[in-house]
**Q** 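The following block contains the structure, expressed as structure tokens.
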Amino acid sequence: STISMVYIALLRLLNAIAMTSRLAARALIPHLSDAFLKNLVTLPMEWNERTDFSVFQVATYILDFYSTLGRYGLGAAIVSTAHEVFRNLSSLVAGTQLSPAPTLTPLPLDDARVRDFIEAWLQLHEVWIACAINPHNTTPEHDLLWSHVVAWQWSDALLDLRKRMMDAQGLNKDPGQQARLGLWASWWRVWSKWLEGCRINQPDSVDSEIERWIRQFSSSWADGGTERKLLENSINQLVLHHDTVTEGHQQYARACHAALLLLIETQKEDILMSLARPISDVMGSVMEETYWRQIRDSCSSEDHDIRQWTNLAIVALRCLHRIDGTKATQATAAAATATLETKAILSQEYELLDRLVPGDEILASELIASILQTTLRPKEFTDLTTLNKEDEIWRASGGPAKILMPLYRYALWPREQRFVGPFVPHPTALKMTTTLLPPSQSPHEPSSDADTTNTGLGSQSSASDAKKASVATATGIELPQRHKGDWIVAPLDVILRSGSTHKRLFKTLPSDWNASETDVVKCLLMLLFRRRVKMCRAQMEFTCMKVFMLEHHDHTVNPNEVVGFAGGEGGEEVYRDPVVGELMTKLLAPFRFGSKHTSGTEKEQGNLSMVASMDPEPTLEDVSRSFLGPSQPFFQFYSDFVGLYDSTSFGHPLFAALLLPPTSHQYARDYRRLLWGDHAHMLKSVRTEVEDVLARDEEEVRRSWLEPMECQKGDGEMLGGYVKALVKGQVTGFVRLIAVHQVASCLWPDMMQQQQQPRETTGVTAQESNKNPLKLSSVNLLKALLASAGETTLRDLLGYDQIRPKGEEATGVVRLLLLPPQCYHEASINLQAQRIEWSVSVCGKGARRRFPTLTAPAPGDGSAS
């Protein structure tokens, strides 16, 4: 009727308003929730072909409204105050007899409006059961108790409805089977939630409830059974027809998710084992990259919730874990297979974490907990020389997994201002939920959020310019992740800010949690070392830089006087811990220039396989944004980093190596000026050898530090910094190579000419150098060196060259870069003589005495041409 249609439109509007925020939902409760009851009271208990089924449409939207309230933990008391109304509804849905009422004709399941009504009833009971599981999370608390739910015999009504649904299937020949798939999905979900509640609140009864479910239709989940065929058909539709994603695929995904949730809760290992192949198949299909892009695009264009698919993938992984655990207890062959499958499952968990979106925080917590339990075990770290199975870290605060998990959980929802309710109602989420609006479906594009401070997972700035900058500032894990593996370092971000931005953190930690900063960092680096996700060099560099930035004193949170994290033992900096040092060294080893020339153990090679290769590769400025936020540039962080090295490092080799990446030509000149100018006095302690530089190959070293020449850019200040470093700084290793190359390239006319065109190994005469526009600056540079440089520096400059040996050219082997000490002796005797003669021509005969005496090379040393 017209009145019904207007009423439905109003209900849809009210439901949409309630979904926007908890505040809006609470405002609607006093005026509307009770007023809707009269529409439920007037539902027809008897009907015939003339019955107006539009009243069930109205009732459907009323139940949806109650479900929306319930997902905030609101309005649950209405089922108590109007118990008789909902008792009659249960009888109506289940088709049971209510004394003294007459026997009712069951609702016709072939009518779509009736099916929608029953689905709404099932979904409302799923929400209310979640509220009853933990009544402390309802608002107000104890609005709905588990004892009430048991007394009202909801499980009986659910099983009665299942019997009706089974009868309607017509012994597996029902042509409307697909149409009723949504009804089955809703039933499976609410029954799994019922079993979850029994397991938590009535553990003695859960087995009997499972047995009731099994006995009712003992063959329904056996091979060829009704419910099993529904699941297998849904899996087949997803696996065999995934060239596109249609409305039907969404329905099949919903059915698969609900059925697997139920099988997990029943803990019937025999059923799960018999479905191992189909479950593995659907997991493989959903995780396939091309198919996932189709899912994402379909959800975006058709306004579907992509969390249906992330939830399906996670419950399928939980099933595979359970199957894997069962195999591990069987024969040796099966156990060996299980070990291989465990590694595959672990890789899928990492991959799935990269696909989660806001509202999936609880699922992310479950995935992370599983990864920690699988990874952080003593047998996985036998190749660490500083750590053994007797180390205190395996017992501190319950072990590595228990040390890290509270910090990950906090990083997933660090603030109270915004939390998207999960796809499946969850007792923990009721009181935290601030909105039910599903997230944006755009890939790796954060959802709109005007609040950009202390952001949590997936919370983003609404301004387009701020989308990339205002991510989980200093505290949270961003969903979806900007760079794969970012979530791993979240505990480090938390403790870095624990003294100022985490006043709520210490109140959420378990009472027996007493880990130190060093414990947290050890466990975090252990997880990074055994990660199953590829991460780029900048991610690993920035992570290690943050470890060095940890303060060594205890953190406290004022004014509450809650003790925070203790630093290293004896008040030492965390990075001086032997285990921390070894792990950082191993984590950075695959990115070292010399790593390609070395081979390691199988586990070390596994670490190398987790190196991400990207083009273009993210910079430190890119990867730091999620931690620093929009207000702090990376240069400020680097300035603090350099200052801390200057004051506390005492030349720590790894600390020193991390100073160098931002000084490459990939970054602004300010970084180089900061190190070579403002902090030039500490360069003598940076003893990083070329093999330890964090660079991919010779070509990267050349274009990042050696080219272009500073004199080509007219940068006298930087060139002066290199000269001072050579004259006064006693620089060694890679730092010396940079300085010698830059100074020699701007000093010798032959090298300046080499920058313009390939040259022969003959020298350049003084007369020819008069045409060089850089002659004047090179003369001044020469005079400064002759006046101040030591014999070793002048000898290295005189002999420096980057010419390719003719022998290697002849064999087709091209060396892109000559390394120390060879490059300091590469110039031929003839070329060195030409350079001396040029020096004499512009500075007088006294210049000759400052250079070493040239001697003929030994036969075969390759230095003469």
Side-chain angles (χ1 to χ4, degrees), residues 264 280 283-284 286-287 310-325 328 338-357 360-381 384 387 393-394 397-413 457-458 472 476-494 513 515 519-535 539-540 543 583 586-587 603 606-607 609-612:
I264 282 288
S280 179
M283 185 64 198
V286 172
M287 294 302 291
T310 57
N311 277 255
L312 168 59
I314 286 179
V315 75
L317 267 180
R318 290 176 61 192
C319 290
L320 292 176
H321 257 304
R322 187 70 61 82
I323 294 168
D324 191 50
T339 301
L340 295 175
E341 291 176 353
T342 298
K343 295 181 179 179
I345 292 172
L346 188 60
S347 297
Q348 288 179 321
E349 287 175 330
Y350 275 98
E351 182 67 25
L352 188 51
L353 271 166
D354 189 53
R355 300 182 181 185
L356 300 185
V357 296
D360 284 337
E361 288 85 352
I362 290 178
L363 299 182
S365 176
E366 294 174 358
L367 280 177
I368 292 172
S370 176
I371 289 171
L372 296 183
Q373 291 293 342
T374 304
T375 306
L376 298 179
R377 298 179 292 180
K379 68 177 184 179
E380 298 293 331
F381 299 93
L384 293 182
L387 185 69
I393 196 65
W394 303 113
S397 294
K402 290 187 177 180
I403 288 174
L404 292 179
M405 199 58 225
L407 300 176
Y408 279 121
R409 194 174 290 115
Y410 176 81
L412 285 163
W413 47 86
L457 209 146
I477 302 173
E478 179 191 7
L479 288 184
Q481 296 176 81
R482 189 167 303 280
H483 301 102
K484 288 186 177 182
D486 276 352
W487 65 269
I488 301 178
V489 300
L492 179 58
D493 298 346
V494 169
W513 195 95
D519 292 334
V520 173
V521 173
K522 279 183 187 178
C523 298
L524 176 69
L525 297 179
M526 288 161 62
L527 180 61
L528 272 173
F529 187 49
R530 289 289 176 258
R531 70 192 185 279
R532 301 292 297 176
V533 61
K534 293 186 176 183
M535 296 176 70
Q539 286 175 286
M540 211 60 66
T543 297
L583 283 166
K586 286 182 176 291
L587 286 169
K603 289 186 177 181
N607 185 37
S609 69
M610 290 297 106
V611 172

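These numbers were taken from a predicted model, which means no experiment stands behind them. Position 1 is the first residue of the sequence; numbering continues from there.
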**Q** Report the residues that fulfil side-chain hydrogen bond (donor to acceptor under 3.5 Å, both in side chains) with Asn311, sequence neighbours left out, ordered by chain and then residue number.
**A**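 For Asn311 there are no side-chain hydrogen bond (donor to acceptor under 3.5 Å, both in side chains) partners, ignoring immediate neighbours.
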**Q** Looking at every heavy atom in both Ala313 and Val286, which two are closest together, and how far apart are they?
**A** CB-CG1, 4.2 Å
**Q** Do Lys586 and Leu384 have side-chain heavy atoms sitting under 4.5 Å apart?
**A**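 The answer is yes, as the side chains (C-beta and beyond) meet within the 4.5 Å cut-off.
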**Q** With a cut-off of 3.5 Å and sequence neighbours excluded, list every side-chain donor-acceptor pair involving residues 398-407.
**A**
none

**Q** Side chains of Cys319 and Ile264, heavy atoms from C-beta outward: is any pair under 4.5 Å?
**A** yes
**Q** State, with a plain yes or no, whether a side-chain heavy atom of Ile488 is found less than 4.5 Å away from one of Tyr408.
**A** yes
**Q** Tell me the closest heavy-atom pair linking Met540 and Leu587, and the distance in Å.
**A** CG-O, 3.8 Å
**Q** Between CG of Leu356 and CD of Glu478, what distance do you get to the nearest 0.5 Å?
**A** 12.5 Å
**Q** Minimum heavy-atom separation for Gly485 to Gln539, with atom names?
**A** C-NE2, 4.4 Å
**Q** Is there a side-chain contact between Leu352 and Leu363, using heavy atoms and a 4.5 Å cut-off?
**A**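 Contact flag for Leu352/Leu363 side chains = no.
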**Q** Enter the distance from Ile345:CD1 to Glu349:CD here, rounded to the nearest 0.5 Å.
**A**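 That separation rounds to 7.0 Å.
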**Q** Could you go step by step and tell me if Ile393 and Asp519 meet the side-chain contact (heavy atoms from CB on, under 4.5 Å) rule?
**A** CA-CA 7 Å; Ile393 196 65; Asp519 292 334; 3.7 Å; yes
**Q** Would you name the heavy atoms of Arg531 and Tyr350 that are closest together and state the gap between them?
**A**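 Nearest pair, atom of Arg531 first, then Tyr350: CA-OH, 3.5 Å.
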**Q** Please report the shortest heavy-atom distance between Gln481 and Lys484, naming the atom on each side.
**A** OE1-C, 4.2 Å
**Q** For Thr543, check side chain to side chain contact (heavy atoms under 4.5 Å, CB included) against everything at least two apart and list the hits.
**A** Val489, Leu492, Leu528
**Q** Just verifying a value: how many Å separate Arg318 CZ and Ile323 CD1, rounded to the nearest 0.5 Å?
**A**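 Rounded to the nearest 0.5 Å, the CZ-CD1 separation comes out at 13.0 Å.
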**Q** Can you name the residues that form a side chain to side chain contact (heavy atoms under 4.5 Å, CB included) with Thr374, not counting sequence neighbours?
**A**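 Testing Thr374 for side chain to side chain contact (heavy atoms under 4.5 Å, CB included), a comparison that skips the adjacent residues, returns His321, Thr342, Leu346, Ser370, Arg377.
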**Q** Considering residues at least two apart in sequence or located in another chain, which fulfil the salt bridge (Lys or Arg N to Asp or Glu O under 4.0 Å) criterion with Arg355?
**A**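 With neighbours one apart ignored, the set is Glu289, Glu351.
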**Q** May I ask you to test the Trp394-Leu387 pair for a side-chain heavy-atom distance under 4.5 Å?
**A**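 Yes, side chains in contact.
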**Q** Within a strict 4.5 Å, meaning less than it, do heavy atoms of the Phe381 and Arg530 side chains meet?
**A**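 A side-chain contact exists here, since the closest heavy-atom pair is under 4.5 Å.
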**Q** Taking all non-hydrogen atoms of both residues into account, name the closest pair between Leu376 and Met526 and its distance.
**A** CD2-CB, 4.0 Å
**Q** Do Glu361 side-chain atoms and Leu412 backbone N/O form a donor-acceptor pair below 3.5 Å?
**A**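 Between the backbone of Leu412 and the side chain of Glu361 there is no qualifying donor-acceptor contact (under 3.5 Å).
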**Q** So, using salt bridge (Lys or Arg N to Asp or Glu O under 4.0 Å) as the criterion, who are the partners of Glu366 when residues are at least two apart?
**A** none
**Q** When rounded to the nearest 0.5 angstrom, what is the spacing between NE2 in His483 and CG in Asp354?
**A**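 Spacing of NE2 (His483) from CG (Asp354) equals 11.0 Å.
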**Q** Is there a side-chain contact between Ile371 and Leu353 (heavy atoms, below 4.5 Å)?
**A** yes
